[in-house]
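Naming convention: chains lettered A, B, ... in sequence-line order (proteins, then strands); numbering from 1 in each chain. Here the structure is a predicted model, which means the values were calculated and not measured.
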Amino acid sequence: MEISKTFTPEGIENKWYAQWLAYKCFKSTPDHRTPYTIVIPPPNVTGVLHMGHMLNNTIQDVLIRRARMKGFNACWVPGTDHASIATEAKVVHLLREKGIKKSDLSREEFLAHAWEWKEKYGGIILEQLKKLGASCDWDRTRFTMEADLSDAVTDVFIDLYNKGLIYRGLRMINWDPSAKTTLSNEEVIYTEEQNNMYYIKYMLSDGSGHLPVATVRPETIPGDVAVCVNPNDERYQHLIGKTVIVPLVNREVPIIADEYVDIEFGTGALKITPAHDINDYEISKKHNLPVIDCLTESGTISEEAGIFVGLDRFEARKLARKQLEADGVLYKTEQITNQIGRSERTNAIVEPRLSLQWFLNMRNFMDKNPEVLSDVMDDKLKFYPPKFKNTYKHWIDNIKDWCISRQLWWGQRIPAWFDESGNIAVCKTEKEAQEILKTTKVRQEDDVVDTWFSSWLWPISVFDGFKDPENADINYYYPTNDLVTAPEIMFFWVMRMIMAGYEWKGEKPFKNVYYTGIVRDKMRRKMSKSLGNSPDPLDLIAKYGADGVRMGMLMCTPAGNDILFDESIVEQGRNFSNKIWNAFRLVKSWEIDGTIENPSTDIAIVWFQNRFNEVINQIDDDFSKFRLNEAMMAVYKLIWDDFCASYLEMVKPVFGQPIDKKSFDATIDFFDQILRLLSPFMPFIAEEIWQNIETRPEGVFLCTSTFPENKPTQNTVLEEGNKVRLLISEVRNLRSQKQISPKTSIKIQLDPSLGISTDWNGILKKMLNLDELLFSNEDDKNWHVSKLDTSRFWADLGDNIYVDEEISKLTKDLAYQEGFKTSVLKKLANEKFVQNAPKAVLDIEHQKLADAGSRIAIINEQLEKLKA
RNA sequence: GGGAGUUUAGCUCAGCUGGUUUAGAGCACCUGCCUUACAAGCAGGGGGUCACUGGUUCGAACCCAGUAAUUCCCACCA
């Protein structure tokens with residue numbers, strides 16, 4: 001049967017993935033083996049696979065597949081996150097397109113729509129991951145809003161409330177007056193805009209003059225409760241403690257002092273409007289000032305303002321300006337550029353607004369669980385790369401309370417009930433609440449919890465660790481091994497999972513955290529839908545194969561560094577697939593003759609086995625440091641350079657000739673070993689070839705076979721192999737320089753002191769097309785001497801010596817050697833160096849000098865010969 | 001404004017405890033080849049003031065200080 005010249009992945013990938021699933025290769029249940037667990041960072045249900053997911057999940061799959069082959073009970077738990085804000089926004093948008101307004105629906109009706117949407121589109125991303133080859137245990141697929149996981153959220157909320165860690169408090173939030181909803185920070189878009197800065201005189205109550213105040217929001221003047229100056233500001237020091245009259249409303253407010261005020265900015269006097277500015281609010285709390293909220297939820301002026309009531313905030317601004325001018329207190333107007341936050345969805349200018357929210361007291365939580373910080377700092381829970389430990393520490397040191405409530409419907413509703421007089425019961429059911437509050441007239445809190453308040457439980461709740469703390473799964477799989485995620489959610493997610501782990505399991509949720517970089521385009525822009533600079537991962541898989549894409553992603557992603565994506569990197573992956581495929585074609589084409597023997601390949605077999613062992617050891621080391629790119633590169637070079645370019649060329653029979661049984665068996669065995677090594681990285685092509693180099697029983701797969709074990713290496717064989725490869729390269733170089741066809745056979749004389757044994761004779765003769773290979777250090781004047789810096793050999797090239805070219809090359813070599821010698825001499829001439837450097841270093845320098853000297857001598861000798 | 005990082009070849013990165021490093025890899029580039037597994041390939045080649053300035057040291061890409069550029073996180077200015 002003819003094997004195609006290029007590797008065609010499509011059919012092969014689907015075939016093996018289906019088989020792996022059919023034979024439950026990725027299924028995990030607790031048993032006697034050591035577990036190796038990864039929980040997937042659950043992608044948003046609204047999500048569509050992007051390059052970031054590709055990178056992240058490729059890494060997880062490599063880790064889990066290798067662990068599986070190493071004999072661990074590997075368990076990769078997949079799932080999705082309900083993503084409150086993103087999903088709700090999407091559903092609202094879709095409903096609007098159908099002409100349905102959210103405000104016309106009841107909570108239950110809206111949630112019905114949302115669930116319908118989730119069932120229809122929610123699993124797309126997981127299906128896409130299968131195309132990548134992700135070896136998740138799909139029977140364990142979880143969703144953060146399914147019953148058990150939501151129960152867990154409710155339980156921990158109640159638990160934390162009872163522990164006194166959850167409280168209600170006022171907080172400044174981003175309010176969209178157009179949509180009448182809260183916005184998360186991510187939904188606020190800041191842009192630079194032109195605005196007027198108004199300079200206003202606030203008259204002192206005692207009539208002794210005025211205090212100048214600058215503001216861009218004169219319509220909030222009715223909300224002023226103080227004017228604040230810096231205590232070190234000499235201009236205003238004498239005014240502290242006096243009072244001023246607030247313009248427009250003629251209210252008397254104090255002049256207070258606070259270091260927060262920037263002396264240089266504006267007039268150096270800041271009006272304090274606690275209801276409409278977060279900093280003002282903080283200051284007002286510090287100084288026990290009242291709060292006057294002069295805006296309504298739709299952005300119009302409230303009754304409390306006492307002026308312009310009912311007007312839109314921008315209309316009020318215009319009127320305020322006119323009024324201030326008329327009153328003669330507006331003395332200057334200036335154009336300034338400042339940052340304005342607008343709602344991503346409605347483009348309305350966002351209004352800072354005070355509202356009652358639920359909080360988790362983070363400081364107390366941390367004090368209760370000091371391991372959250374100490375384990376990371378002490379490397380009991382390792383971060384890769386470790387530089388993120390600093391960021392982590394900085395966050396925890398400056399931690400703020402976590403606002404866990406969201407004014408949405410899609411999510412876990414906060415388990416709190418109120419009676420008519422506002423008493424609170426935090427409990428699981430309405431019935432319990434009625435009992436606690438001693439009334440049937442109870443009303444549940446409308447808000448849901450922040451999405452992260454469910455995902456921080458993920459490593460526990462996917463194993464039903466809350467429903468059933470004695471569950472065999474949680475006790476077996478927890479703590480998990482690795483978490484692979486983006487550094488941008490270290491604070492939102494990673495830290496909070498660690499917190500949850502200690503609080504409810506008394507133990508860290510994972511042993512290692514591997515932070516990946518952000519996938520950017522060649523211009524260093526983040527890949528995003530709106531920029532349209534992100535390729536569709538599925539198209540890439542179709543074009544280059546899943547294995548090619550996986551390899552491309554792995555090769556260029558050192559831990560924590562961004563990856564600059566360009567199609568050429570996956571092209572390299574595809575080319576590599578093709579290279580392996582062609583090695584397979586070659587081996588498949590061999591005809592075996594059991595009656596012949598070819599002892600000349602013995603040394604190649606010994607050499608490659610050692611080279612293989614060396615790479616296995618290196619890869620082990622790379623994995624222990626999470627350097628997957630290095631590991632991938634090592635496999636790439638082993639296969640391309642060592643196996644294909646060297647080993648196969650060494651054992652390959654002359655065209656048309658059969659191969660001996662021993663060489664063939666060894667080659668098949670090496671191929672098998674190599675594919676085992678490759679399988680975690682490029683599982684599809686590895687499986688396909690592995691299933692075809694030998695007949696395998698039904699249901700036996702490479703991906704569930706064993707990974708090659710570490711073995712010691714014999715360094716002498718490896719060194720000899722390196723010399724042989726250098727020699728081959730130099731002879732080829734010589735041929736190419738002298739334009740001697742590879743078909744023309746030549747004679748070579750090797751200096752025995754090189755250390756290349758006669759075991760290599762057969763291989764050298766075949767690969768270099770030699771008709772004679774002599775071992776001698778006798779200089780034959782008629783022969784050509786090779787490049788001298790790496791090895792010494794003589795080649796009989798007949799009449800093919802080009803003297804000028806050779807002289808120029810040797811002269812260049814000579815200059816390098818002389819320069820090198822000078823630098824060493826300089827070092828040795830330094831008395832302090834000779835006195836202070838350790839003996840070993842001195843010996844090395846002397847050796848360098850001697851080597852350079854002898855090389856120079858040989859070059860000179862050779863030059864003379866050529867010039868003669 | 002506060003914090004953390006980064007700066008080595010055209011690009012992406014290695015370079016461990018300062019000493020076989022007048023610095024390596026992959027890709028890209030240039031030259032020559034369709035040589036019976038592979039042109040998605042083979043053979044060969046060029047390319048770097050290790051950001052800059054100073055210091056420590058017998059010795060610095062590596063340690064220290066300063067400068068510059070740059071990235072990320074947090075907070076955001078009346």
Polar side-chain contact A:Lys579-B:C38 base: donor and acceptor under 3.5 Å: yes

Rounded to whole angstrom, note down the C1' distance from B:A25 over to B:U31. 22 Å

If you measure from the C1' atom in B:A14 to the same atom in B:C38, how many Å do you get, rounded? 29 Å

Rounding to the closest angstrom, what is the interatomic distance between B:C73 and B:U12 at atom C1'? 24 Å

Using 0.5 Å steps for rounding, measure from the CD1 atom of A:Ile283 to the CD atom of A:Glu259. 11.0 Å

Name the nucleic acid region contacted by A:Asp277, choosing base, sugar-phosphate or nothing; use a 4.0 angstrom heavy-atom cut-off, strictly under. sugar-phosphate

Rounded distance in Å - CD (A:Glu219) to P (B:A78): 13 Å

Distance check needed: B:C42 P versus A:Asn769 CG, whole Å only. 20 Å

May I ask you to decide if A:Phe684's main-chain N or O and A:Asp547's side chain share a donor-acceptor pair within less than 3.5 Å? yes

Under 4.0 angstrom, heavy atoms only, what part of the nucleic acid is A:Val216 near: base, sugar-phosphate, or nothing? sugar-phosphate

Which nucleotide sits closest to the side chain of A:Leu648: B:A37, B:A78, B:G5? B:A37

Is A:Glu649 salt-bridged to A:Arg725, cutoff N-O under 4.0 Å? no

Reading RNA chain B 5' to 3', how would its secondary structure be written in dot-bracket notation, given Watson-Crick and G-U pairs with both distances under 3.5 Å, brackets [ ] for crossing pairs and | for partners on other strands? (((((((..((((.....[....)))).(((((.......))))).....(((((..]....))))))))))))....

Go through B:C58, B:G19, B:G44 for me and flag the one nearest to the A:Pro838 side chain. B:G19

Of the listed nucleotides B:G19, B:A14, B:G5, the one nearest the side chain of A:Glu630: B:A14

Rounded to whole Å, CG of A:Asn629 lies from P of B:A14 at a distance of 8 Å

Check this one for me: any side-chain N or O of A:Lys588 less than 4.0 Å away from OP1 or OP2 of B:A37? no

Work out how far the P atom of B:C34 is from that of B:A43, and round it to whole angstrom. 15 Å

Separation of B:U35 atom C1' from A:Lys766 atom NZ, nearest Å, is 15 Å

Have a look at A:Asn830 and say if it touches a base, only the backbone sugar-phosphate, or nothing, with a 4.0 Å heavy-atom cut-off. sugar-phosphate

Could you label the plane-to-plane angle of the A:Tyr515 and A:Phe383 rings as parallel, tilted or perpendicular, counting under 30° as parallel and over 60° as perpendicular? perpendicular

Can A:Asn398 and A:His394 be counted as having a side-chain donor-acceptor contact under 3.5 angstrom? yes

Which label fits A:Trp640 and A:Tyr636: parallel for a plane angle under 30°, tilted from 30 to 60°, or perpendicular past 60°? tilted

Set out, line by line, the N/O atom pairs under 3.5 Å between protein and nucleotides 26-29 of chain B.
| unit_1 | atom_1 | unit_2 | atom_2 | d |
| --- | --- | --- | --- | --- |
| B:G26 | O2' | A:Gln572 | NE2 | 2.9 |
| B:C27 | OP1 | A:Tyr636 | OH | 3.1 |

Between B:G5 and B:C64 - P atom distance, rounded Å: 11 Å

Quick note, A:Phe655 side chain, CB onward, closest among B:A37, B:A40, B:U36 is B:U36

For the pair A:Lys637 (side chain) and A:Asp642 (backbone), establish whether a donor and an acceptor sit closer than 3.5 Å, ignoring hydrogens and angles. no

Is it true that A:Asp851 and A:Gln847 share a donor-acceptor pair across their side chains at a distance under 3.5 Å? yes

Can you check the distance between B:U57 and B:G10, where both ends of the measurement are the P atom (answer in whole Å)? 35 Å

A:Leu825 CG to B:C58 P: how many Å, rounded? 21 Å

Show me the protein contacts with nucleotides 70-74 of chain B, counting only N or O atoms at under 3.5 Å.
| unit_1 | atom_1 | unit_2 | atom_2 | d |
| --- | --- | --- | --- | --- |
| B:C73 | O2' | A:Trp395 | NE1 | 3.2 |

Record whether the side chain of A:Arg732 comes under 3.5 Å of the base of B:A43 through a donor-acceptor pair of N or O atoms. no

State, yes or no, whether a side-chain contact exists between A:Val513 and A:Phe388 at a heavy-atom distance under 4.5 Å. no

Report the nucleotide, chosen from B:C77, B:A37, B:A40, that has the shortest atom-to-atom distance to any side-chain atom of A:Phe265. B:C77

A:Ile336 CD1 to B:C77 P, in whole Å, measures 11 Å

What's the gap between B:C27 and B:G46 when it is taken at their C1' atoms, as a whole Å value? 16 Å

Distance-only, no hydrogens or angles: does the A:Arg235 side chain make a donor-acceptor pair with backbone N or O of A:Ile263 under 3.5 Å? yes

Taking the side chain of A:Asn390 as heavy atoms from C-beta outward, which of B:A78, B:C38, B:A4 is closest to it? B:A4

A:Asn279 has its side chain closest, among B:A37, B:C76, B:A78, to B:C76

Between C1' of B:A37 and CD of A:Glu591, the distance in whole Å: 16 Å

Taking for each residue the nucleotide of RNA chain B bearing the nearest heavy atom, is the 5' side occupied by A:Thr215 or by A:Thr6? A:Thr6

Roughly how many Å apart are B:U8 and B:G45, using the C1' atom of each and rounding to a whole number? 22 Å

When you compare the side chain of A:Met197 with that of A:Lys332, does any pair of heavy atoms fall below 4.5 Å? no

Let's see if you can work this out: which of B:U20, B:C76, B:A78 has an atom nearest to the side-chain heavy atoms of A:Ile278? B:C76

From CD1 of A:Ile272 across to C1' of B:A78 the rounded distance in Å is 9 Å

